[in-house]
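A quick write-up on the structure given underneath.
Note on naming: letters A, B, ... go to the chains in the order of the sequence lines (proteins, then strands), and numbering restarts at 1 for each one. The shown structure was predicted, so the numbers you read here are calculated from the model rather than taken from an experiment.
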There are 2 protein chains.
Amino acid sequence: MKRKITLKQIARELEVSISTVSKSLKDSDEISADTKKKVQAFAKLYNYRPNNIALSLKNRKTKNIGVVIPDIVHHFFTTVFRGIEKYANERGYNVVVCVSDESYEKEVFNMELLANGSIDGFIMSVSAQTQQKNDFSHLKEVVEQGFPLVLFDRVIDEIECDKVIMNDEQIAYEATAKMLAEGKKKIALVTTESYFNVSEKRADGYRRALKDFGIKVDENLTLVLPFKGVEESYIDAFVENEVFDAALCVNEIFAVLLMAIVQKKGLRIPEDVSVIGFTDGLLSRYSTPSLTTVAQHGESMGEIAAEMLIEKLENEIGFHEEEVYRTQIVEATLIERGSTINK
Amino acid sequence: MKRKITLKQIARELEVSISTVSKSLKDSDEISADTKKKVQAFAKLYNYRPNNIALSLKNRKTKNIGVVIPDIVHHFFTTVFRGIEKYANERGYNVVVCVSDESYEKEVFNMELLANGSIDGFIMSVSAQTQQKNDFSHLKEVVEQGFPLVLFDRVIDEIECDKVIMNDEQIAYEATAKMLAEGKKKIALVTTESYFNVSEKRADGYRRALKDFGIKVDENLTLVLPFKGVEESYIDAFVENEVFDAALCVNEIFAVLLMAIVQKKGLRIPEDVSVIGFTDGLLSRYSTPSLTTVAQHGESMGEIAAEMLIEKLENEIGFHEEEVYRTQIVEATLIERGSTINK
DNA sequence: CATATCTACGAAAACGGTTTCGTGTTAATA
DNA sequence: TATTAACACGAAACCGTTTTCGTAGATATG
């Protein structure tokens, strides 16, 4: 085990002081050209690199970003993560990831772990259980402790911090309007339980579109599916009992499940039933027919979140300046594929 | 900004020394019961937590694991990551992730960044470009520097370290044998370029099965697709020109693409063409028909990798003990779904 | 009463850096 | 020649812990 070389060792070897070595490597002009050359050559030879931990302790900055997300085996979150990681890496930051697994307790636990000096700031999307419990004291705490925090997608209104969200309501409106424009009249909504605020916003957009087109919202055409462990039979019963000629689904899994069942009943997509989903993942691309879907641009969201966080980290605000928080909206776009009638 | 409280501040406040505070919090019996109570109460009141960075410096352990993977928007890697994260978290470790994006340079850059004290050991799967270049000096270097390293999936034979792999050859054999047992005679292989050693192993298993069943390997039945940016037309031409009644595909994307094209030609799956893929992701589950596929048990691989790494981290070997490296094989399993004839 | 033994605590070193400030030597200036 | 400035470097503090070792004072022992 060849331990990494330290300033102290270089100093001893070259018979100079630690300060001289440190300054030489920083090319300080306090040090003579001769000495600098000697030290630099030696350091290069032994491949000296300053120890990050020591630097962190000295500077009170870790150059680490903490990312807390509900799930990682999940297309949207991984794209956001990629955006974060990419931007962070370019700026010399590392990313430490904790998965809350949709659990409130794990979220709290993870944040406490990270808040003990491991990171400089947080980027996160809160867990389902946290939204359900409606308890955000752990978020408030890290903010009070002075950690910059950026919330994305599943954000909390009552927490004051930077936020990155999607225009869920508007894009749901547009998606619904698109199907109405196709001539569809009875549009179903396939969604999750309402404590997910993004699902709620999508439902709002859906309803607004119907109203704008003079169609009454039929509550029977809303299918609420559990967040996890969807049984095919739920959808089956819905398709059996209700008549609809289009469907807006809040994620791509619901959409392809619905498509499969609809097709099994002998109905054609999109002629008999148009379908639009959310999340432009593999499923949307490779389903038959391919799925018209809302691209959430997760990577952009991630980049923006990272940018906001790093901006806060590197520009310490003055003593009397008021902290100012921004909310950035990333515009989702509708990707038209085979599950809708495209002209 | 309420900075976290330190030992020094507690000591000043309570008019005792730093050592006394530290020992009190560790419930050392060097300290009188009275003093301990006082200190502990005060610490609890101010929610004292030792600073991780300082601990890292002192202990020369960060309790961080570095994970370097080629891609994160990828089902298999995310499942492995989940396994790593889960196990690591249980043992009090944090995980810092770097994505090499299949690039040799980024891989090297990331590893150097991490090796400067940010982490205690590596878990990684090498990038495509690294395999292609066949240059592993960066891996050798971190090993020489004393970092425990665990390689998974895309491993390198010439690097001495712990490894977690799948029985690719064997499961490909079994998958092929299954289709032969169905009575299929002309089995296609849809694979990637051969510098991916896992693809190569799968091809080996495929060939061995054919031989065992007395069928000659027909090189024309092997379709080599590029690693990224597959054009549908490649597959289209293949389906047009070759006659086959089954196909083994090295990933699920190839499999669903093939299924779609085969079905478009009016052939039925699995009656006319059986298809088996690799990776039990969303696509396999939700395609029509659902795809018979090889489940790689990424989560287990991740857990095992993390376990191996942490074992090495926590059991420093004695001075003269020989370092011993293990290679664990995670048995893949075949999940039978609609794209094969199941009895 | 002198000495030995606890008890309860503090000083200081160490982890690996950065940075401020002080100082001995040499060169420039009056 | 005496004074000053410039140069080149080292000592030490600091970041926040842990831990070893030393010791003052109290108590026990002979």
Any side-chain N or O of [X] less than 4.0 Å from the OP1 or OP2 oxygen of [N]?
| X | N | value |
| --- | --- | --- |
| A:R49 | C:dG17 | no |
| B:Y48 | D:dG16 | no |
| A:K8 | C:dC15 | yes |
| B:R60 | C:dA14 | no |
| A:T35 | D:dC9 | yes |

From the list [options], which nucleotide is the closest neighbour of the side chain of [X]?
| X | options | value |
| --- | --- | --- |
| A:A54 | C:dC15, C:dT18, C:dG16 | C:dG16 |
| A:T6 | D:dA8, C:dG16, D:dT18 | C:dG16 |
| B:N51 | C:dG16, D:dT18, D:dG16 | D:dG16 |
| A:E30 | C:dT18, D:dT17, C:dT20 | C:dT20 |
| A:L57 | D:dG16, D:dT17, C:dG17 | D:dG16 |

Just how far, in rounded Å, is [atom2] of [N] from [atom1] of [X]?
| X | N | atom1 | atom2 | result |
| --- | --- | --- | --- | --- |
| A:N52 | C:dT18 | CG | P | 11 Å |
| B:K37 | C:dA8 | NZ | C1' | 16 Å |
| B:I31 | D:dT18 | CD1 | C1' | 13 Å |

How about A:T130 and A:E107: does a side-chain donor come under 3.5 Å of a side-chain acceptor?
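The answer is yes; a qualifying pair exists.
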Distances under 3.5 Å only, N/O to N/O: pair up the protein atoms with those of nucleotides 4-6 of chain C.
none

Any salt bridge linking A:R91 with A:E307? Criterion: basic side-chain nitrogen under 4.0 Å from a carboxylate oxygen.
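Looking at A:E307 together with A:R91, the answer is no, because their closest N to O distance does not fall below 4.0 Å.
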Do B:K58 and D:dT18 have a side chain to base donor-acceptor pair shorter than 3.5 Å?
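Pair found.
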Side chain of A:N51, backbone of A:A54: donor and acceptor closer than 3.5 Å?
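Pair found, side chain donor or acceptor close to backbone of A:A54.
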Would you mind listing every salt bridge (charged side-chain N to carboxylate O under 4.0 Å, His left out) that reaches into residues 115-129 of chain A, with sequence neighbours excluded?
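As it turns out, there is no salt bridge (charged side-chain N to carboxylate O under 4.0 Å, His left out) pair with a partner in residues 115-129 of chain A once direct neighbours are skipped.
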Using a 4.0 Å cut-off on heavy atoms, which residues in residues 16-27 of chain B reach DNA chain C? List them by number, or say none.
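Those residues whose heavy atoms fall under 4.0 Å from DNA chain C, taken from residues 16-27 of chain B in numerical order, are B:V16, B:S17, B:S19, B:T20, B:K23.
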Contact check, side chains of A:L151 and A:I156, non-hydrogen atoms, under 4.5 Å:
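Yes - at least one pair of side-chain heavy atoms lies under 4.5 Å apart.
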Taking the six-membered ring for Trp, are A:F77 and A:F81 closer than 6.0 Å centroid to centroid?
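Here the rings of A:F81 and A:F77 have centres that are no less than 6.0 Å from each other.
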